[in-house]
2 protein chains.
Amino acid sequence: MTTDFNSFFQFAITVDNVIFGFDGQDLKVLLMKRGEIPYMDDWALPGHFVKQEEDLTSAAGRILEELTGLKSVYLEQVKTFGKASRHPMGRVMTVAYYSLININDFEIKPAFIAKKATWFKVSDVLKTPLAFDHKDILIACIDRLKVKVKTQPIGFELLPNKFTLTELKQLYESVLQHQLDKRNFRKKILSMKILIDLQESQEGVAHRPAKLYSFDSERYNRLIEDGLHFDISYPAMQA
Amino acid sequence: MTTDFNSFFQFAITVDNVIFGFDGQDLKVLLMKRGEIPYMDDWALPGHFVKQEEDLTSAAGRILEELTGLKSVYLEQVKTFGKASRHPMGRVMTVAYYSLININDFEIKPAFIAKKATWFKVSDVLKTPLAFDHKDILIACIDRLKVKVKTQPIGFELLPNKFTLTELKQLYESVLQHQLDKRNFRKKILSMKILIDLQESQEGVAHRPAKLYSFDSERYNRLIEDGLHFDISYPAMQA
DNA sequence: ATACTTAGTGTACACTGTACGCATTCTTTA
DNA sequence: TAAAGAATGCGTACAGTGTACACTAAGTAT
């Protein structure tokens, strides 16, 4: 009975993290070139084994921090992948997370430069093979992000504190893979009253500078209490 | 290095399954009285250890079938719970699934009668303590169901093949915990054209019998291709 | 026959989504 | 310094959907 019970304790758990960034044009994901077997030299999601005494959530945060130096960023669990055959070296389940970071804050930690951590356009990565079942994991995270970004104000996590409405629109378009109508997008976002008009403008651009805004999370929370329905649905705003 | 690697393989994985049913009045969940330590005699979600050679998805299906005899029912992974302290007897992570079954098809397998599998009203269970972190798991599954039932036609999984519009409305009300306006609900559902009018009526009721409908999944899929937006949002239909 | 119970229907109004074009403000360069 | 270029930023009209709301119809039970 006891030995029977113990026989179950032979799994390993990893956390794999789909780190999304946005460079003003495209949605990007951070991949690492594997330096060990299996899948040596293939591109893979950053991930690690969970340690014996470590909470799952802590493990996800640790990976992100070790790699990027960033703490307290947006991090969400998506799905656990547990096919018996998914890891050639044993029974390893992986819990997939995705995180949203401001790509400008980001700086790869020296320890990882050797492992070649690189940003890829999401649209490109979908065409190239990845280690393990990481392609499936990536797709699951993209799908989750698409759903979530429409109904939760998480898109702002990918932008600098100060941003223009054009940048925000570009972000939504690259996540949702859909063109949006400029005027309707502005109208909708501004009508929610969740942005602070910073009374500042872009500088150094070769055209009329755009106004800068920031996301007012306190106000957002108050409005949600009052029944605000955050919803950026692209069928509603096709260009 | 190898020993180091092996040291990670000391986790156990369980699957816990929140089995939802609907009796025409209330949303219910199937719980079992535990017959072993820890948490002996407490109510708990049905669950099991995942076996060495078993896919995660198969394990979830196996639990459901062993308990209810039902195969190929709606089953969805929700979240993995992995606090280091969550299981007093070792490092056990659990992957939470929920499933939707037609309560009339259901018959508890004899092996489980001894373990007292019983349906509870969801609203009651939320007030009583459960084993482990099963309360958290239950809440996560309820929340997921609420979100999902609004945008996917999964509510029908909880109903018999033939149902009345009043039953369907009652189902939504008990899941969403919100009253809906009868006329608007009917108008919305019928306007989607995803129900088949069976040209039959209820029998044996002490009042005007209601018409029976069934869900037309093929038609639904066709309409989705054409851009149908399934959305039963309660702010839109408050009573 | 009457009372009772639930099923089933329609309309008016407000609001939101959607489509769409032009003037404005800044930089660059001729 | 004038003109061209580039992106910003604004408004309106129409269609469609959401929402509120009360009574009649069709059965059963007494």
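Sequence lines set the chain letters: A, B, ... in the order given, protein chains first and strands last, and positions in each chain run from 1. Since the structure is predicted, the reported quantities are computational estimates derived from the model, not experimental observations.
B:Gln202 contributes a side-chain N or O that, together with a main-chain N or O of B:Ala210, makes up a donor-acceptor pair within less than 3.5 Å.
The side chain of B:Lys188 contributes an N or O atom lying less than 4.0 Å from OP1 or OP2 of D:dG18.
Comparing C:dG10, C:dT9, D:dG27 by their closest approach to the side chain of B:Arg208 singles out D:dG27. Listed nucleotides: D:dC21, C:dC26, D:dT8. Nearest to the side chain of B:Asn184: D:dC21.
The base of D:dG9 has none of its N or O atoms less than 3.5 Å from a complementary donor or acceptor on the side chain of A:Lys211.
When the P atom of D:dG11 is taken as reference, atom CZ of A:Arg186 falls 12 Å away, rounded to whole Å. We find that CG of A:Leu190 is positioned 8 Å from P of D:dC10, with the value rounded to whole Å. Protein atom CD of B:Gln25 is 10 Å distant from nucleotide atom P of C:dT6, rounded to whole Å. Distance NZ (B:Lys182) to C1' (D:dA22): 10 Å, rounded to an integer number of Å. In this structure, A:Ile189 places its CD1 atom 17 Å from C1' of D:dT8, rounding to the nearest Å. One interatomic measurement links the two molecules: CG of B:Leu168 to P of C:dG8, which rounds to 12 Å at whole-angstrom precision. Rounded to whole Å, the distance from CG on B:Asp231 to C1' on D:dG18 is 11 Å. Summarising the geometry, the separation between CZ on A:Phe185 and C1' on D:dC10 is reported as 16 Å, rounded to the nearest angstrom.
With a 6.0 Å radius and a threshold of 12 heavy atoms from other residues, nucleotides or ligands, B:Asn161 has its CG atom at or below the threshold. The number of heavy-atom neighbours closer than 6.0 Å to NZ of A:Lys121, taken from other residues, nucleotides and ligands shown, is 12 or below.
Between A:Ala206 and A:Thr164, it is A:Ala206 whose nearest contact on DNA chain D lies nearer the 5' terminus. When each of A:Arg183 and B:His207 is assigned the nucleotide of DNA chain C with its nearest heavy atom, B:His207 is the one assigned upstream, toward the 5' end.
Among the heavy atoms of the strands, none lies under 4.0 Å from A:Ser201. Residue B:Lys187 is in base contact, counting any heavy-atom pair closer than 4.0 Å across all strands shown.
A distance of 6.0 Å or more separates the ring centres of A:Phe81 and A:Phe132.
Taking the six-membered ring for Trp and thresholds of 30 and 60 degrees, B:Phe156 and B:Phe215 have nearly parallel ring planes, at less than 30 degrees apart.
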